[in-house]
Visitor: 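This is the structure I have questions about; it appears just below.
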Amino acid sequence: MKITVLTLFPEMYENFLKTSIIGRSIERGLAEVEFVQIRDFAPGNYKHVDDTPFGGGSGMVMKCQPVLDALDSVKTEDSYTLLMSPAGTPYSQAKARELSKKDHLILLCGHYEGLDARINKHVDELVSIGDYVLTGGELASMVIMDSVIRLLKGSIRDTSTDEESHENGLLEYPQYTHPADYKGDLVPEILLSGNHAKIREWRVLQSLRLTEKVRPDLYAKHEFTEEEKKILKKFKDCE
Ligand code: 6GU
């Protein structure tokens, strides 16, 4: 997969792209990341990429010409372009899965108060990573790159993404590692039992209960599997 980032601040990505799973995936050639400096497409000596908003108001707005010329310089028939925007569609694990199948992603990052709205019709989608405001789209684009690259075949063990939080619409069950007794705080005994069927049952129940408690919104729209229904019934009868 190729990822092209359009930004005024490519230096923000340096450590991110070198580190851990993302760094290794890029080193292995699973993803190729390139940057386009939007300012290179601004004319004259001043290289202005922004201007004051029509109608008045505070802040500056990024201009159509440098942004769209930068976009045109990298866009092909195979490209899928995302504009980072707090006014976009909420980003999700399902969207990450969908994007991980694309050949070429273009991530367009605005700064200041935003981009001229006429730019919107030149992209495939506006995405937001959450209900808060960032100073620019760069951090959001890193969130998207991280969540997509780790799903590429060969990035991490294939099975390790299957049971994660959000893959099945639920939060993941709690995990523990050695020691089994940390200053008197004990790991749930069932996990030491070696009984895989019972462990599986416990994990499914924990996942359901945790989601119900901290993410009632997810729980309300969850479609229960037969296994989940059976486990819920069993433990309800015990209470
Ligand atoms: Cl994608 N961009 C900006 N600037 N702020 C955000 C965002 C994106 N998602 C949430 N807040």
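One-based numbering, in listed order, for ligands and for the atoms of each.
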Visitor: Can you name the residues that form a salt bridge (charged side-chain N to carboxylate O under 4.0 Å, His left out) with Lys198, not counting sequence neighbours?
Guide: none

Visitor: Nearest to atom 10 (C) of ligand 1, what protein heavy atom do you find, and at what distance?
Guide: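 Answer for atom 10 (C) of ligand 1: Gly130 O, 3.1 Å.
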
Visitor: Please report which non-hydrogen protein atom sits nearest to atom 3 (C) of ligand 1, along with the residue it belongs to and the distance in Å to one decimal place.
Guide: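 Answer for atom 3 (C) of ligand 1: Pro86 CD, 3.4 Å.
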
Visitor: When you look for heavy atoms under 4.0 Å from ligand 1, do you find them on the side chain of Ser128, its backbone, both, or neither?
Guide: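 It is both backbone and side chain that touch ligand 1.
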
Visitor: Using distance alone, determine whether Leu134 and ligand 1 share an N or O pair under 3.5 Å.
Guide: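 The answer is yes, given that Leu134 and ligand 1 share an N or O pair closer than 3.5 Å.
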
Visitor: If the condition is side-chain hydrogen bond (donor to acceptor under 3.5 Å, both in side chains), which residues does Asp69 pass it with, not counting sequence neighbours?
Guide: Gln65

Visitor: Is it the case that the side chains of Thr4 and His104 hold a donor-acceptor pair, with the cut-off being a distance below 3.5 Å and no angle test?
Guide: yes

Visitor: Decide, yes or no, whether a salt bridge links Glu212 with Arg209 under the criterion of side-chain N to carboxylate O below 4.0 Å.
Guide: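 No salt bridge links Glu212 with Arg209.
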
Visitor: Could you establish whether Gly136 and ligand 1 come within less than 4.0 Å of each other, counting only heavy atoms on the residue side?
Guide: yes

Visitor: So, regarding Ile129 and ligand 1 (criterion: nitrogen or oxygen to nitrogen or oxygen, under 3.5 Å), is there a contact or not?
Guide: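 Yes; the residue has a nitrogen or oxygen that sits under 3.5 Å from a nitrogen or oxygen of the ligand.
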
Visitor: Quick one: are Val143 and Leu139 in side-chain contact, heavy atoms under 4.5 Å?
Guide: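 Heavy-atom side-chain distance check fails, nothing below 4.5 Å.
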
Visitor: Within ligand 1, which atoms have a heavy atom of Ala140 less than 4.0 Å away?
Guide: 1 (Cl), 8 (C)

Visitor: Charged N to carboxylate O under 4.0 angstrom, Lys18 versus Glu27?
Guide: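 A salt bridge is absent here (no side-chain N lies under 4.0 Å from a carboxylate O).
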
Visitor: Hey, is the main chain of Leu171 close enough, under 3.5 Å, to the side chain of Ser207 for a donor-acceptor pair?
Guide: yes

Visitor: To check your reading of the model: name the closest protein heavy atom to atom 11 (N) of ligand 1, its residue, and the distance in Å.
Guide: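 Answer, as residue, atom name and distance: Tyr132 O, 2.6 Å.
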
Visitor: Give yes if a backbone or side-chain nitrogen or oxygen of Thr135 is under 3.5 Å from a nitrogen or oxygen of ligand 1, and no if not.
Guide: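 Such a contact does not occur with ligand 1.
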
Visitor: Under 4.0 Å from ligand 1, counting heavy atoms only, is it the side chain of Val127, its backbone, both or neither?
Guide: backbone

